[in-house]
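Below is one structure, written out as structure tokens; comments come after it.
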Amino acid sequence: MTSSPKGNNPFKKFFFRFWMVYLVLLAAVIIFFYGIAYEWFGPMPSFEELENPSTNLASEIYSADGVLLGTYYIENRSNVHFQELSPNMVSALLAIEDIRFTEHTGIDRKALIRVAWGVVTGNKKGGGSTLTQQLAKNLFPRSQNLSTSKLVIRKFQEWVTATKLERNYSKEEIMAMYLNTVAFGSHAYGIKSASLTFFNKPPDSLLIEEAALMAGVVNAPTWYSPVRNPERALQRRNLVITKMAEYGFITAQVADSVKRIPIDMDNYGIMDHNAGQANYFREFLRAQMHTWCANHFKADGTPYNLYKDGLKIYTTIHSKMQQYAEESVREHLGLDLQPAFHKHWKGYPNAPFVFPPQDMRTEVEKIMQQAIRRSDRYRLLKAEGAGADEINQSFRTPVRMRVFSWNGPVDTVMTPLDSIRYYKHFLMSSLLSVESKTGFVRAYVGGNDYSFFKYDHATQARRQVGSTFKPFLYTLAMQEGEYSPCYKVPNIKYSVQLWDGTFWEPRNSSDERIGEEVTLKWALANSNNWISAYLIKRFSPESVIQMARNMGVTAPIDPVPAIALGTPDISLYEMVGAMNTFSNKGVYVKPVFVTRIEDKNGNVIDRYVPEKNEAMDEVTAFKMIQLMKGVVESGTGIRLRFKYKLNNPIAGKTGTTQNQSDGWFMGITPDLTTGVWVGAEDRSVHFRTISLGQGANMALPIWALYMKKIYNDPSLKVSQGDFEKPLADVSIEFDCDKYDKNQRRPGATRNTGLEDDF
């Protein structure tokens with residue numbers, strides 16, 4: 001046997017070459033990853049960027065009792081912590097996406113080998129990306145149309161990013177971050193928004209079948225959408241459930257049982273400005289927040305963005321009280337008042353407009369043309385350059401549309417012009433409820449349905465207030481000390497001379513107790529116009545206006561005697577704030593909508609303190625409460641007692657404007673001041689009789705329904721007790737029954753609950 005010459009051993013040469021190639025490849029890999037880490041091939045996210053990814057976070061609106069009322073967003077995304085996830089969601093995600101998530105450090109070697117083998121054999125069995133890699137991709141999305149070489153580099157960059165994430169965050173944090181970044185379809189980004197959109201519940205409450213559906217949707221939101229593709233979604237969901245059983249998260253028996261449950265989408269609803277609770281309030285708040293954002297700045301000096309910066313806005317709205325308010329409006333208008341209105345106008349060719357016959361055609365045409373010009377259709381056609389004839393033809397051509405009804409939206413075919421006339425028949429309503437001492441707005445209803453009626457009648461609209469203005473006049477009388485609730489005044493016609501030498505003489509709708517002396521309490525309770533004329537003559541319009549200003553009214557008011565009957569146009573918001581002064585011992589507190597605002601990390605960046613001023617002394621306020629109690633005990637608000645059986649202490653005031661165009665009721669209890677307005681969009685649309693059109697019939701029932709619901713809910717702890725007496729001695733008579741009882745002249749009409757019109 002011969003041996004190889006010295007130094008010419010083939011094994012040594014192979015060994016040497018192998019290690020040289022290995023070291024070169026290793027060095028190349030090290031240099032390659034070093035280059036990626038030090039951004040030779042393009043920028044990499046910094047640790048600060050990993051801490052604060054540039055995803056768009058929705059700003060969230062919370063009620064006082066912790067309920068998410070809605071969001072403002074470009075992407076409807078809200079973050080959650082791991083503790084807020086259902087265990088079912090965690091199990092489902094691991095089972096279908098990354099079963100070795102707790103074992104690897106960002107890169108799953110077994111998955112990579114499986115992918116490589118699949119490429120070689122053509123038998124692919126899933127991807128190789130871990131949840132951490134997918135999170136890296138979600139946090140820093142790839143650019144479109146990357147070349148193959150750049151795509152490879154980008155993939156390795158994601159590996160490095162995944163390693164950084166694993167090094168700096170716990171597994172629980174990574175999983176929560178992943179679920180916060182993924183899209184689920186239906187405009188839902190992140191598990192919190194998706195859970196609310198698909199099931200109307202928070203993510204910690206997801207059941208097995210719900211969590212499995214969510215985990216399955218992530219892979220392809222449109223393809224597996226339970227709305228668009230329910231059969232495909234069911235198959236995908238059941239695959240996830242099978243995997244959960246395969247990996248021991250649930251038993252096979254549970255899996256078989258759960259897979260038989262159909263997908264339930266009854267609670268599905270895309271979260272937008274038309275859906276959910278308090279949508280009129282949320283739109284009001286949006287405008288307020290735009291102003292706030294423009295004047296508040298982040299650490300980098302840029303103003304906050306309502307749609308991207310994930311603000312948390314904590315409001316004073318109470319979700320239960322808001323629910324009761326919306327239900328009460330719907331019950332009275334939908335079940336009672338609107339059907340009565342339709343019946344009232346049935347058979348009238350010009351319904352529902354009221355004009356003198358000679359003016360009817362001209363005035364109705366004017367209203368319809370104004371409505372056309374205010375419509376979105378008109379503005380769109382004008383923007384497209386359409387002429388008058390084309391626009392006219394468009395409004396007279398039948399089209400498919402969805403219209404409002406109290407029984408739910410109706411799909412129909414009609415001309416846009418007919419739809420305008422259809423909507424003119426609807427009565428609108430608004431309600432605002434304020435906590436007496438704090439001024440916190442607990443319920444806010446701006447209209448019937450924001451999806452169809454965008455105009456907010458709670459804060460935007462100013463309507464004639466009728467007799468609800470009279471308490472300002474009576475407050476002035478009580479404050480001066482000359483008068484008390486039981487002070488008696490002759491119930492006769494009074495004349496007030498005007499600046500031009502003419503005389504103003506209001507009328508009453510009732511002849512009750514004409515010529516007798518009546519107490520001021522009786523006069524206010526029965527909304528007597530003659531006594532109001534007496535008081536405005538005794539004082540002055542300017543003095544009454546100043547009292548209204550002290551109580552928070554900012555609307556323009558002409559200094560004329562007729563304001564004693566309620567001619568001014570004032571918003572419900574201003575009226576409720578003003579009336580609340582009486583129950584707050586004479587201190588006006590400006591209604592509060594927001595308590596605090598936090599940034600996305602939970603840092604408080606603004607707090608709100610109520611604005612207050614003393615409008616009157618507490619004795620005057622107490623006198624007015626006693627006066628306004630008479631409205632409910634024996635006056636125009638008496639149906640609260642005999643029909644709605646509300647026997648607790650209540651102060652109130654009804655209001656009815658000229659021709660019954662507006663109906664009001666302001667109700668005050670020790671804990672809550674609540675105002676209700678009812679009327680049509682056009683003041684020419686109204687009931688033709690005061691018995692149907694007065695505030696006691698249009699607005700008061702909503703207040704009664706609302707308060708009954710509140711009193712029946714012990715969790716709200718709203719008092720049914722009496723108003724607190726002032727500390728100062730009040731040595732005057734409040735029980736005026738002995739003055740008023742049985743003093744009506746023979747044949748006079750007794751109180752019918754009707755209100756004087758002006």
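Scanning for ring-ring contact (aromatic ring centres under 6.0 Å, His included) contacts around H296 gives W292, with sequence neighbours left out. Checked against side-chain hydrogen bond (donor to acceptor under 3.5 Å, both in side chains), D300 has the following partners two or more places apart in sequence or in another chain: T302. In this structure, the salt bridge (charged side-chain N to carboxylate O under 4.0 Å, His left out) partners of R596, at least two apart in sequence or on a different chain, are E598. Looking at residues two or more places apart in sequence or on another chain, you find no side-chain hydrogen bond (donor to acceptor under 3.5 Å, both in side chains) involving T197. Remark: R462 engages E574 in a salt bridge (charged side-chain N to carboxylate O under 4.0 Å, His left out) (not counting sequence neighbours). Residues meeting the side-chain hydrogen bond (donor to acceptor under 3.5 Å, both in side chains) test with W677, sequence neighbours left out: D662. With sequence neighbours excluded, no residue forms a side-chain hydrogen bond (donor to acceptor under 3.5 Å, both in side chains) with N305. With sequence neighbours excluded, the residues satisfying salt bridge (charged side-chain N to carboxylate O under 4.0 Å, His left out) with E681 are K424. For E327, the salt bridge (charged side-chain N to carboxylate O under 4.0 Å, His left out) partners at least two apart in sequence or on another chain are K709.
Applying the ring-ring contact (aromatic ring centres under 6.0 Å, His included) rule to pairs touching residues 603-624 yields F622-F734, sequence neighbours excluded. Each salt bridge (charged side-chain N to carboxylate O under 4.0 Å, His left out) pair with one or both residues in residues 543-557, not counting sequence neighbours, would appear here, but there are none.
Annotation for K201: atom NZ counts as buried by contact number, over 12 foreign heavy atoms lying within 6.0 Å. No more than 12 heavy atoms of other residues, nucleotides or ligands sit less than 6.0 Å from atom CG of D558.
Put simply, the side chain of E84 gets close to the backbone of H81: a donor and an acceptor are under 3.5 Å apart. A donor-acceptor pair under 3.5 Å links the side-chain atoms of D617 to the main chain of V619, judged by distance alone. Judged by distance alone, with hydrogens and angles left aside, the side-chain atoms of T656 form a donor-acceptor pair with the main-chain N or O of G695 at under 3.5 Å.
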Return a table of donor-acceptor pairs under 3.5 angstrom between the side chains of residues 281-289 and protein atoms on other chains or two or more places apart.
unit_1, atom_1, unit_2, atom_2, d
R282, NH1, L69, O, 3.4
R282, NH1, A275, O, 2.8
R282, NH1, Q277, O, 2.7
R282, NH2, D272, O, 2.9
R282, NH2, A275, O, 2.8
E283, OE1, R286, NE, 3.1
E283, OE2, R286, NE, 3.3
E283, OE2, R286, NH2, 2.8
R286, NH1, Y307, OH, 3.2

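Residues A176 and L85 approach most closely at CA-CD1, 4.4 Å, considering heavy atoms. Taking every heavy atom of both residues into account, T71 and I61 meet most closely at N-CD1, 3.8 Å.
Between K320 and D713, at least one side-chain nitrogen of the basic residue sits less than 4.0 Å from a carboxylate oxygen of the acidic one, meeting the salt-bridge criterion. No salt bridge links D449 with K454; every basic N to acidic carboxylate O contact stays at or beyond 4.0 Å. K725 and E618 are not joined by a salt bridge, as no carboxylate oxygen comes within less than 4.0 angstrom of a charged side-chain nitrogen.
Taking the six-membered ring where tryptophan is involved, the planes of H457 and Y455 are perpendicular, since the angle between them exceeds 60° and thus also 30°.
Remark: aromatic rings of Y280 and Y444 are distant, center separation not under 6.0 Å.
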